[in-house]
Every structure is written in C-alpha cells, then in structure tokens.
Amino acid sequence: MSGDFNSITGLPDELDIDGDLARADQRVSIRVDERRYGKAMTIVEGFDDSTTDVSDLASDLKSKLATGGTVSDGRIELQGDHRNRLPDLLEERGFELAD
C-alpha cells in the first residue's frame with residue numbers, strides 16, 4: 001500500500017474513488033449507425049476525456065463483446081449492434097447512460 005490518502009474521503013488513492021465519482025457524473029449515449037454494405041456500427045460517446053481512458057475502456061469492451069472496433073474523436077466505435085449488452089457493461093464500470 002502506498003500510504004497516499006484522498007484528502008476528501010480519507011481512503012487510499014489506489015482505490016480511485018475520484019475516478020469513480022467522475023465516471024458517475026458523465027452521461028454516455030449509445031447509438032447504432034449503418035456503415036458500408038449495411039453493416040451496423042455501435043457508437044458510444046459522451047466521455048470526458050480528462051477523466052476517462054477511452055482507449056483502455058474500448059479495449060475492455062471489445063474483449064467482453066468479442067468484436068472489433070476503434071476510438072475516434074473521443075468516442076468508441078464497435079463493429080456490430082451491441083445496444084442490448086453495452087448498457088450493463090458500462091454501468092458495471094460506473095457510467096450513467098443518457099436517456
């Protein structure tokens with residue numbers, strides 16, 4: 001344990017409480033676009049780039065969904081239609097979904 005403690009919560013910094021609070025304040029949205037040849041592309045956007053490592057999150061989501069994708073302009077683009085599974089995965093990671 002590092003011995004560094006958060007000045008507000010008094011909890012160890014390695015628990016990343018500030019990161020959890022920052023993610024809870026963000027409202028991300030999920031939509032599906034149609035790309036070339038009628039292929040579906042799921043777009044997740046609305047991240048605050050200063051508090052979220054979008055590349056790491058994208059890598060984790062791609063692994064969980066067993067799909068390809070990329071990060072472009074601060075948003076995650078996943079191959080296929082993942083509207084049904086993404087809300088649960090994002091909420092597990094502390095994100096709120098926009099209505």
Side-chain angles (χ1 to χ4, degrees):
M1 209 176 232
S2 66
D4 292 330
F5 294 93
N6 184 293
S7 62
I8 296 172
T9 63
L11 296 171
D13 284 340
E14 61 193 34
L15 293 177
D16 192 28
I17 298 301
D18 290 334
D20 289 343
L21 293 173
R23 284 189 292 275
D25 286 341
Q26 296 179 49
R27 297 258 181 201
V28 297
S29 64
I30 300 170
R31 64 184 168 89
V32 175
D33 282 350
E34 190 173 299
R35 296 290 168 101
R36 284 186 172 172
Y37 311 111
K39 300 286 184 180
M41 176 73 70
T42 304
I43 312 286
V44 185
E45 55 193 352
F47 297 105
D48 180 5
D49 293 338
S50 64
T51 59
T52 304
D53 188 346
V54 180
S55 296
D56 282 348
L57 178 61
S59 179
D60 187 35
L61 292 174
K62 291 188 302 184
S63 176
K64 293 285 183 188
L65 297 168
T67 190
T70 188
V71 174
S72 177
D73 298 326
R75 66 180 185 221
I76 299 173
E77 299 179 356
L78 300 168
Q79 296 172 353
D81 185 347
H82 301 285
R83 284 179 287 197
N84 296 333
R85 293 182 59 199
L86 266 176
D88 292 335
L89 292 173
L90 290 170
E91 287 173 359
E92 285 174 9
R93 286 153 183 80
F95 291 97
E96 290 279 330
L97 295 177
D99 295 329

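- The salt bridge (charged side-chain N to carboxylate O under 4.0 Å, His left out) search around E91 returns none, not counting sequence neighbours.
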Side-chain donor/acceptor pairs under 3.5 Å, residues 31-44, sequence neighbours excluded:
from, atom 1, to, atom 2, distance (Å)
R31, NE, E45, OE2, 2.9
R31, NH1, D33, OD1, 2.8
R31, NH1, D33, OD2, 2.6
T42, OG1, G80, O, 2.5
T42, OG1, H82, N, 3.0

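- Contact annotation: the side chain of L78 never approaches that of T70 to less than 4.5 Å [non-hydrogen atoms, C-beta and beyond].
- Between the side chain of D88 and the backbone N or O of L90 there is no donor-acceptor pair closer than 3.5 Å.
- A search for side chain to side chain contact (heavy atoms under 4.5 Å, CB included) contacts involving R85 returns L65, not counting sequence neighbours.
- Contact check for S29 versus L97: no side-chain heavy atoms found under the 4.5 Å cut-off.
- The side chain to side chain contact (heavy atoms under 4.5 Å, CB included) test applied to K64 returns D60, L89, R93, not counting sequence neighbours.
- S55 is linked by a side chain to side chain contact (heavy atoms under 4.5 Å, CB included) to D53, V71, counting only residues two or more places apart in sequence or in another chain.
- Taking each heavy atom of G68 and K62 in turn, the nearest pair found is C-CD, 3.8 Å.
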